[in-house]
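In what follows, chains are A, B, ... by sequence order, proteins preceding strands, each numbered from 1.
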Number of protein chains: 2
Amino acid sequence: MTVLGWRWPLAAVRSPQAKPAAPARKLPTPPVRVGLLGCGTVGTGVVRLLRANAQSIADKVGRPVEIARVLVRSPERRRDAELPEGLLTADPGAVLDASDIQVVVEVMGGVDPALGYIVRALRTGKSVVTANKDVMAEYGREVFAAAERGHADIFFEASVGGGIPIIRSLKESLAGNRIRRIAGILNGTTNFILSRMSRDGCSFEDALVEAQRLGYAEADPSSDVDGWDAARKLAILSSIAYMARLRPGDVERQGIAAVTARDIGHGERMGWALKLLAISEVDGGRVSMRVHPTFVPRQHPLAHVNDAFNAIYVQGDAIGEAMFYGRGAGSLPTASAVVGDLIDAARFIDRGGKGLTCTCFYRVKRLPPGLVASRFYVRLMAADRPGVLAQIAGALGRCGVNIESVVQTPAAAYQPEEPSDELERAELVLVTHRVAEGRMRRSLELLRRLQAVSRVAAAIRIAPEDL
Amino acid sequence: MTVLGWRWPLAAVRSPQAKPAAPARKLPTPPVRVGLLGCGTVGTGVVRLLRANAQSIADKVGRPVEIARVLVRSPERRRDAELPEGLLTADPGAVLDASDIQVVVEVMGGVDPALGYIVRALRTGKSVVTANKDVMAEYGREVFAAAERGHADIFFEASVGGGIPIIRSLKESLAGNRIRRIAGILNGTTNFILSRMSRDGCSFEDALVEAQRLGYAEADPSSDVDGWDAARKLAILSSIAYMARLRPGDVERQGIAAVTARDIGHGERMGWALKLLAISEVDGGRVSMRVHPTFVPRQHPLAHVNDAFNAIYVQGDAIGEAMFYGRGAGSLPTASAVVGDLIDAARFIDRGGKGLTCTCFYRVKRLPPGLVASRFYVRLMAADRPGVLAQIAGALGRCGVNIESVVQTPAAAYQPEEPSDELERAELVLVTHRVAEGRMRRSLELLRRLQAVSRVAAAIRIAPEDL
């Protein structure tokens with residue numbers, strides 16, 4: 001059939017040649033024994049995955065991988081994870097000091113007591129796989145030092161982007177590059193909320209309630225919504241990318257709580273999607289790191305990352321650009337990263353470690369936040385009378401802010417957002433050329449002092465042109 | 001400024017704490033010496049990258065990495081690569097038998113003589129980094145056996161997707177998954193041509209000429225356009241994903257030479273983008289592998305991969321879905337993958353190899369191509385008279401093909417494509433429900449035999465619903 005155009009091979013049903021099954025499976029090799037710290041959402045996923053794919057994991061490692069003990073707070077509680085009798089313990093020493101455990105998997109989360117356990121395990125020569133972004137973002141140096149001292153390995157793929165292989169890709173596959181920029185959608189909760197607001201035009205509050213109902217957002221959503229979670233992950237990625245120890249506290253943060261469906265709608269008509277981007281970049285030897293709502297042009301692959309998905313866009317001198325996309329959270333996606341690391345840790349235990357090493361060789365200067373330049377989308381509520389636009393343009397001009405475009409909603413078409421807006425009846429949307437953050441701040445202060453301007457309703461950064 | 005919403009940190013300009021530069025740089029460690037086989041587009045990129053990022057590469061490896069010798073056909077020819085005097089040689093033995101060379105980088109391409117060189121280097125204990133998809137797709141088993149015998153490492157990230165870290169991600173980060181499907185845009189040339197046809201409505205021939213002018217397509221474009229290149233890459237990825245040796249010859253292929261801008265346009269109006277997808281999947285323990293033009297729904301991330309970019313979409317039992325996106329070819333992107341591998345090979349040479357190992361443990365059965373099911377888009381030229389649609393629907397029904405929708409272009413609106421179409425004046429676009437390939441072929445044969453049907457102008461598969 002020429003329309004379909006297949007070339008039908010001669011022996012379509014022939015099974016491909018393969019060497020006989022690896023002998024490793026047949027040998028009575030002792031299993032690699034794993035101690036699990038924590039058995040919540042991620043821990044349960046790890047238990048499930050190790051059981052479901054036991055054979056192929058054993059083949060890849062060269063011997064079986066089995067869970068030997070599980071540290072939990074209440075061993076007597078019923079759990080989802082199907083574990084043999086007698087594995088649960090409330091005594092950390094039963095995992096950390098057990099001489100028959102070679103690899104420790106830490107999936108408790110939080111700094112205390114996880115950090116202490118990780119360091120203790122590494123120092124005594126146990127390799128550690130962790131999903132802990134708090135520990136790795138704040139205490140990466142201490143953790144790597146403990147690994148060095150114990151000749152053990154530390155793996156932490158699951159700490160950023162759930163199952164997305166970004167840590168290892170930056171550490172290994174992209175290691176020949178000088179990384180110039182990372183721009184990531186690193187928090188699934190906020191991406192879900194923004195996608196929802198964009199699709200249904202609902203308010204931030206309604207979208208948040210929906211996210212909580214679906215289990216995407218915590219009862220206290222601050223860590224997600226205010227950008228803390230993304231800041232920690234950005235610090236981990238940036239430390240690897242720029243080979244310097246960078247901390248979450250050095251990340252400028254702006255959350256999404258003030259975002260309105262109205263601004264998302266305006267942005268969409270201008271060809272943009274609104275995303276909470278975590279951006280770090282090196283310019284003239286200085287690093288800037290920031291998390292903020294950002295308008296991304298529709299042609300950009302990040303613009304199409306919706307719902308609870310994560311994506312990390314990397315720009316480097318050799319690779320040009322690359323993007324990694326997937327589920328950034330959840331039991332099995334995170335367990336995918338943990339088990340991938342565990343397989344590697346298990347393959348390396350007989351060789352004294354060194355799967356991943358610390359690469360924070362350098363010091364870097366930070367670009368002062370006031371000097372970080374962006375294009376801005378600014379929405380103002382102003383009086384609808386002659387001369388107002390001139391006043392506004394004048395205030396911006398005095399601060400050196402160059403206007404790229406202005407859209408004024410005709411009075412007739414304008415639907416007031418707040419009662420105080422009704423008297424004014426004019427909504428102005430400005431787009432600026434690239435301007436330093438500090439100048440923009442000063443110009444917005446001037447605008448607010450203008451009598452004709454009742455409200456600066458929004459000021460949202462637009463993604464860099466060379467993203 | 002609350003609108004911008006930054007929390008300005010107390011010490012904004014404080015440079016982040018960092019440990020002093022790694023002592024490794026200061027020690028008089030001997031360099032890792034690399035033999036380069038080939039110095040064309042990719043080789044030149046490797047030389048440039050090793051020079052540009054020499055310091056950070058040395059820091060990561062623990063000692064400098066230097067090119068010791070370069071095998072080329074004509075050492076006297078002028079080249080773009082800036083190399084010290086005396087490195088070029090036309091004698092393979094000067095690289096392969098040199099006791100002072102620890103790692104061999106093969107960037108010549110083609111099976112002969114590259115395969116012989118790779119095997120010879122590995123057997124004598126030299127680790128090898130290769131960008132060679134032909135060798136890895138057809139002779140993976142022989143190459144891994146040689147690596148095993150020589151206690152050396154083989155790395156081949158650059159063989160698929162240029163700089164995109166897909167090999168390592170499948171081998172390591174996703175190793176805990178049972179992979180269910182891979183769907184990739186693995187050939188940049190054809191993706192450029194299809195993007196061009198979609199954007200400008202130009203013909204395949206014109207887009208091909210443009211691709212050739214820009215250096216994306218070869219003078220003989222068959223390897224790209226007919227899907228050979230994508231088939232080889234799909235065989236490599238599938239062998240890793242399904243842990244079984246799968247060959248390019250087992251991949252069903254259909255190229256893009258018969259694709260028309262008209263069908264792309266119809267697809268777009270139905271919400272799809274046309275891509276040359278390389279798909280492999282496991283269903284009921286049987287594997288199918290195929291490369292063919294495919295309509296992808298606009299909501300899917302693969303639909304937004306345009307121009308010469310590549311992307312690989314992976315579905316697994318734990319990860320759910322993940323996508324890897326980037327430049328699939330070119331001097332520096334490919335060199336990025338080669339140098340990433342080289343850094344790893346250099347880190348491992350003192351440890352007797354085993355960075356990547358062969359994981360083709362299993363045999364798999366192939367799903368006979370006639371049983372692979374898809375939804376189809378079918379375009380027919382038919383007589384514009386009563387009863388014709390009933391005849392067509394009847395022919396399809398007899399083969400068990402279920403019609404999902406029919407669009408008939410009104411006679412007035414129809415612009416004939418070929419002179420013979422003019423008399424008929426009716427263009428019918430059908431979309432079928434999921435149907436096995438074999439049934440579809442039979443039904444298309446029946447349609448062509450109908451007197452009322454002058455031409456089956458196109459039959460294009462639609463991406464699986466669960467992609």
Side-chain angles (χ1 to χ4, degrees), chain A residues 1 3-7 12-13 15-18 21-22 49 53 59-60 157 163-165 168-169 172-178 244-247 249-250 252-254 301 304 318-320 322-327 332-333 335-336 339-340 343-344 351 359 361 363 365 368-369 441 444 456 459, chain B residues 1 3-7 9 12-13 15-18 21-22 49 53 59-60 157 163-165 168-169 172-178 244-247 250 252-254 301 304 318-320 322-323 325-327 332-333 335-336 339-340 343-344 351 359-361 363 365 368-369 441 444 456 459:
Chain A
M1 187 70 218
V3 171
L4 286 182
W6 280 149
R7 280 179 62 259
V13 203
S15 92
Q17 292 181 340
L49 199 53
N53 298 342
D59 287 333
K60 283 171 182 171
E157 184 63 73
I164 305 171
R168 209 176 269 272
S169 293
E172 298 180 341
S173 307
L174 302 179
N177 282 261
R178 196 179 304 245
R245 184 76 56 208
L246 296 162
R247 307 249 179 207
D250 296 324
E252 311 298 320
R253 280 183 313 100
Q254 182 186 351
H304 303 282
I319 187 83
M323 193 176 85
F324 304 80
Y325 166 96
R327 292 189 184 276
L332 280 175
S336 165
V339 173
I343 291 172
D344 237 37
R351 317 158 144 256
T359 48
F361 307 122
R363 285 165 188 279
K365 286 221 172 72
R441 285 177 63 216
L444 291 178
V456 177
Chain B
M1 187 68 217
V3 171
L4 284 182
W6 278 150
R7 284 179 62 260
V13 203
S15 93
Q17 293 180 339
L49 199 53
N53 298 342
D59 287 333
K60 284 172 182 171
E157 184 63 74
I164 304 171
R168 209 177 270 270
S169 295
E172 297 180 343
S173 307
L174 302 180
N177 282 260
R178 195 181 303 246
R245 183 77 57 210
L246 296 161
R247 309 251 177 204
D250 296 322
E252 310 298 317
R253 282 182 311 100
Q254 180 186 354
H304 303 283
I319 186 81
M323 192 176 86
Y325 167 97
R327 292 189 184 277
L332 280 174
S336 165
V339 173
I343 290 173
D344 236 38
R351 317 157 143 256
T359 49
C360 291
F361 307 122
R363 284 165 190 279
K365 286 222 172 73
R441 285 175 64 215
L444 291 178
V456 177

Self-check item: Most contacts with chain B, counted as non-hydrogen pairs under 4.5 angstrom, among N53(A), L332(A), L49(A)
Solution: N53(A)

Self-check item: Winner by heavy-atom pair count (cut-off under 4.5 Å) against chain A, out of T359(B), V339(B), I343(B)
Solution: I343(B)

Quiz item: What's the shortest heavy-atom distance between K60(B) and A175(A), and which atoms?
Solution: NZ-O, 3.0 Å

Self-check item: Per-residue contact mode, I164(B) against chain A (heavy atom under 4.5 angstrom)
Solution: backbone

Practice problem: Flag the one option from P301(A), P165(A), G320(A), S169(A) with the top tally of heavy-atom pairs under 4.5 Å to chain B. | Solution: P165(A)

Quiz item: So which of G326(A), A322(A), A335(A) has the largest heavy-atom pair count under 4.5 angstrom toward chain B?
Solution: A322(A)

Quiz item: With sequence neighbours excluded, what pairs up with Y325(A) under the ring-ring contact (aromatic ring centres under 6.0 Å, His included) test?
Solution: F309(A)

Self-check item: Heavy-atom pairs under 4.5 Å with chain A, option from A318(B), G176(B), G163(B) with the top count
Solution: A318(B)

Quiz item: Do F324(A) and M323(B) have side-chain heavy atoms sitting under 4.5 Å apart?
Solution: no

Quiz item: Quick one: salt bridge (charged side-chain N to carboxylate O under 4.0 Å, His left out) partners of R168(B), sequence neighbours excluded?
Solution: E172(A), D341(B), D344(B)

